[in-house]
Amino acid sequence: MPHQREIVDAFLEVQSEAAGDPEPGEWAYDDGLATLERRAGKTAIQAPLVTHRARLVRGAQMFMTAQKRDKAVRRWHDITEDLLRTSLRSTVRRKVSHSFEELRWLDGGACLIPFAPTEDEMHSETPDLVLIDELWAFSAVQRQQVEAGYVPAFATSSGQALKLSTAGTDKSAWLNDNRAAGRRAVEAGVRLGKFYYEHSLPDRVGGVRIRDLSDEQLVEACIANHPAICHVPGCPGPRQKRPCPHGFTVRPAALRSAWGTMNDRGEYLRGYGNRSAADLSALWQAIEESLWLDRIDEGQIPVSARVALGVWVSEDGQHAAVSSGWRDDLRVMHVEIPQIGGSPTVFDTIRAVRPMVERIAEGNDVSTVALPNVGAARDLADELEAAGVPVTRVSQADLPAACSRHRTELGAGTWRHRVSTEATAAAQAAGWHRGKWDEPGEPIAALGAQTMAGWGFDHAPAAKTRRPFKVR
């Protein structure tokens with residue numbers, strides 16, 4: 001199907017000398033995540049991938065896993081059955097015995113082996129391909145164990161890891177982290193290293209937010225958006241014992257039936273819309289969602305611009321973020337979360353902020369760094385001043401004014417923000433209390449940092465100019 005072909009074609013891209021890539025001929029991506037709806041054909045993507053790698057690399061070592069060993073073996077059986085149903089069956093040999101499974105290619109000796117995510121089967125191995133299915137079900141501990149088996153090996157080999165999954169829950173640590181990183185990479189235009197593909201229900205369907213859809217509208221929206229359902233006009237799609245002439249595999253009636261079985265909006269949206277159940281919640285208390293999305297900045301702050309930096313530290317001191325701000329000749333404020341090394345300047349620890357601010361200040365024309373003069377941010381301001389960084393301390397009296405200005409200018413259209421996953425999540429989570437942003441439990445550091453950047457730019461000391469040299 002088109003989406004399956006797109007995933008395989010993009011994941012297998014190689015670096016190009018013409019594009020100026022650093023290692024022409026090597027894989028463009030060593031790590032990838034493809035997240036899409038249930039029944040969209042994630043398993044069917046894997047058989048062509050392992051066949052391609054087995055023919056490309058003599059003696060290729062390929063491993064695959066799922067959240068438990070029995071599920072990994074089940075997926076391994078699905079893949080090997082796909083191969084054994086084709087004309088390639090004479091080129092492979094499948095071995096199955098007690099706690100041992102292997103598919104081996106007779107010509108070249110490549111093999112595909114399932115493994116448990118809690119075991120160290122890949123330690124001391126040099127994998128050429130690692131497949132990880134249903135990433136949403138993996139714990140943080142399992143992530144550490146699995147990555148410890150293949151990440152170090154990729155430093156000396158041309159290996160790739162592809163993770164596949166449907167949307168998860170708030171406990172899906174590995175998936176949620178990779179999804180956020182993948183979206184950031186796409187937003188930043190990253191073309192090497194990290195591969196990310198997502199097919200999911202959009203934020204709005206016919207102009208209506210997904211959380212405002214009726215049950216029937218939600219089901220029909222998922223049917224209309226599902227990538228494995230044929231949408232060719234007049235095509236009957238797959239029927240019993242008769243495939244769809246266009247290669248699609250899912251019947252619309254199957255998704256309607258699934259709703260009758262589940263009768264749970266959150267779980268249905270997760271499975272067949274590939275969206276988190278949290279997307280149904282009525283957040284966006286302090287800022288209108290439509291307003292925030294309308295104020296996305298299509299451009300970026302000019303490289304030569306004199307900017308201010310803003311820093312925000314959460315009340316518990318556990319989350320922090322850095323933003324830059326600049327006002328153009330039309331007095332429109334532009335803020336963005338800087339990307340350093342492909343990662344946004346949003347941190348889970350305040351210790352990372354000072355070296356990052358110093359690094360940005362050294363390489364750019366920074367007029368000041370604005371921080372709230374309270375709590376952990378006040379201590380950080382002391383450290384930055386001691387390091388010679390110009391600091392603007394925003395008092396508790398001025399803090400509501402800074403937040404109110406940010407909110408008011410968003411409404412007036414004179415404040416725009418560069419697209420950022422972290423800033424959007426913060427804007428969605430932020431509350432409004434006593435004239436300033438309120439932290440309801442979710443980190444809002446990225447939004448606060450943008451507020452500080454804008455205030456810092458407007459209140460920065462004037463740039464010092466050298467007096468002309470005069471000869472007397």
Backbone of A286 reached by a side-chain donor or acceptor of R407 within 3.5 Å: yes
So that I can tick it off, tell me whether E409 and R331 are bridged by a salt bridge, with the cut-off set at under 4.0 angstrom between side-chain N and carboxylate O. no
Tell me whether R418 is salt-bridged to E187, with the criterion being a basic N under 4.0 Å from an acidic carboxylate O. no
Side chains of R75 and Q46: any donor to acceptor distance under 3.5 Å? no
Under the 6.0 Å and 45° cation-pi test, does R209 pair with W284? no
Residue list, salt bridge (Lys or Arg N to Asp or Glu O under 4.0 Å) with E220, at least two apart or on another chain: R256
So, D21 side chain and E23 main chain: donor-acceptor pair closer than 3.5 Å or not? no
Can you tell me if W136 has over 12 outside heavy atoms packed within less than 6.0 Å of its CH2? no
Checking E358 side chain against A387 main chain: does a donor-acceptor pair fall under 3.5 Å? no
For atom CZ of R184, is the number of surrounding heavy atoms from other residues, nucleotides or ligands below 6.0 Å larger than 12? yes
Does one side chain, of T451 or H406, offer a donor that lies under 3.5 Å from an acceptor on the other? yes
Holding to salt bridge (Lys or Arg N to Asp or Glu O under 4.0 Å), I want the full list of residues that pass it with R5, two or more places apart in sequence or in another chain. none
Pair R183 + E198: basic N to acidic O under 4.0 Å: yes
Answer yes or no: are there more than 12 heavy-atom neighbours, outside E288 itself, under 6.0 Å from its atom CD? no
What I want to find out is whether D133 reaches K42 closely enough, with some N-O distance under 4.0 Å, to be called a salt bridge. no
Would D382 and R393 pass as an ion pair if we require N to O under 4.0 Å? yes
E362/R359 under salt bridge (Lys or Arg N to Asp or Glu O under 4.0 Å): CA gap, chis, key distance, verdict: CA-CA 5 Å; E362 287 176 0; R359 178 179 174 184; over 6 Å; no
